[in-house]
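Everything on this sheet refers to the single structure shown next.
Quick caveat, the model's predicted, so the values are computed rather than measured. Below, chains carry the letters A, B, ... as their sequence lines are ordered, and counting in each starts from 1. Atoms considered below: every heavy atom in the structure, side chains included; atoms not considered: hydrogens, waters and symmetry mates.
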Amino acid sequence: AQSVTQLGSHVSVSEGALVLLRCNYSSSVPPYLFWYVQYPNQGLQLLLKYTSAATLVKGINGFEAEFKKSETSFHLTKPSAHMSDAAEYFCAVTLGATGNQFYFGTGTSLTVIP
Amino acid sequence: NAGVMQNPRHLVRRRGQEARLRCSPMKGHSHVYWYRQLPEEGLKFMVYLQKENIIDESGMPKERFSAEFPKEGPSILRIQQVVRGDSAAYFCASSPGQKVEQYFGPGTRLTVT
């Protein structure tokens with residue numbers, strides 16, 4: 001079975017500080033992993049994806065994530081938080097070879113303090 | 001290239017009425033997915049369709065819910081005899097194929113009174 005766990009439903013950081021949003025997954029086959037961002041009353045926007053190529057993945061808006069198989073993790077980071085980063089962030093996993101549906105975590109709400 | 005379009009954006013129904021949610025995928029995308037998001041929760045997969053076919057409906061409630069993606073026109077998620085527990089945001093996503101990222105629409109927020 002596939003699942004995603006996001007540790008910390010709420011994360012607060014100061015503007016300019018490091019952003020770290022945690023995601024651990026379980027998958028019976030090599031996974032594809034994704035991070036999405038959701039702004040209030042909007043749909044989800046893809047930040048980045050891992051599809052078995054490079055383990056360090058760079059996305060939009062300065063975000064990146066590293067796939068660590070030994071830790072079954074895919075944490076999202078950004079060196080310096082900006083006020084516009086305040087949003088809900090979702091990690092998702094799908095089966096690498098035959099994935100249809102995405103399995104989403106429950107989300108992490110990021111607050112950026114000026 | 002327009003993104004995934006969903007309408008209506010907000011829908012209010014009284015208990016027992018029917019709700020119809022529409023989704024037009026991105027141009028060139030033939031795979032459509034429906035998800036439901038309850039308050040304070042992540043998205044839960046409901047159904048995956050290709051043109052005229054339901055591929056995976058393992059996340060759909062067995063009763064009152066149905067989905068279609070006809071040869072022409074948008075995909076429709078239909079909820080019959082709505083109840084208060086159906087109140088949620090319903091998101092549609094599309095992709096050009098399997099094993100690739102899904103592009104999400106803005107969602108339809110259903111409120112059942």
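Counting only distance, with no hydrogens or angles, the side chain of A:Trp35 and the backbone of A:Phe74 share a donor-acceptor pair below 3.5 Å.
Checked against the 6.0 Å centroid criterion, the rings of A:Tyr103 and A:Tyr25 do not qualify as a close aromatic pair. Aromatic pair A:Phe34/A:Phe102: ring centres closer than 6.0 Å.
Contacts of A:Glu88 with chain B are absent, with no heavy-atom separation under 4.5 Å from either backbone or side chain. Neither the backbone nor the side chain of B:Gln6 comes within contact range of chain A; no heavy atom of the residue lies under 4.5 Å from a heavy atom of that chain. Both the backbone and the side chain of A:Leu44 come within less than 4.5 Å of a heavy atom of chain B.
A side chain to side chain contact (heavy atoms under 4.5 Å, CB included) with B:Phe65 is found for exactly one of B:Arg78, B:Arg36, B:Gln80, namely B:Arg36.
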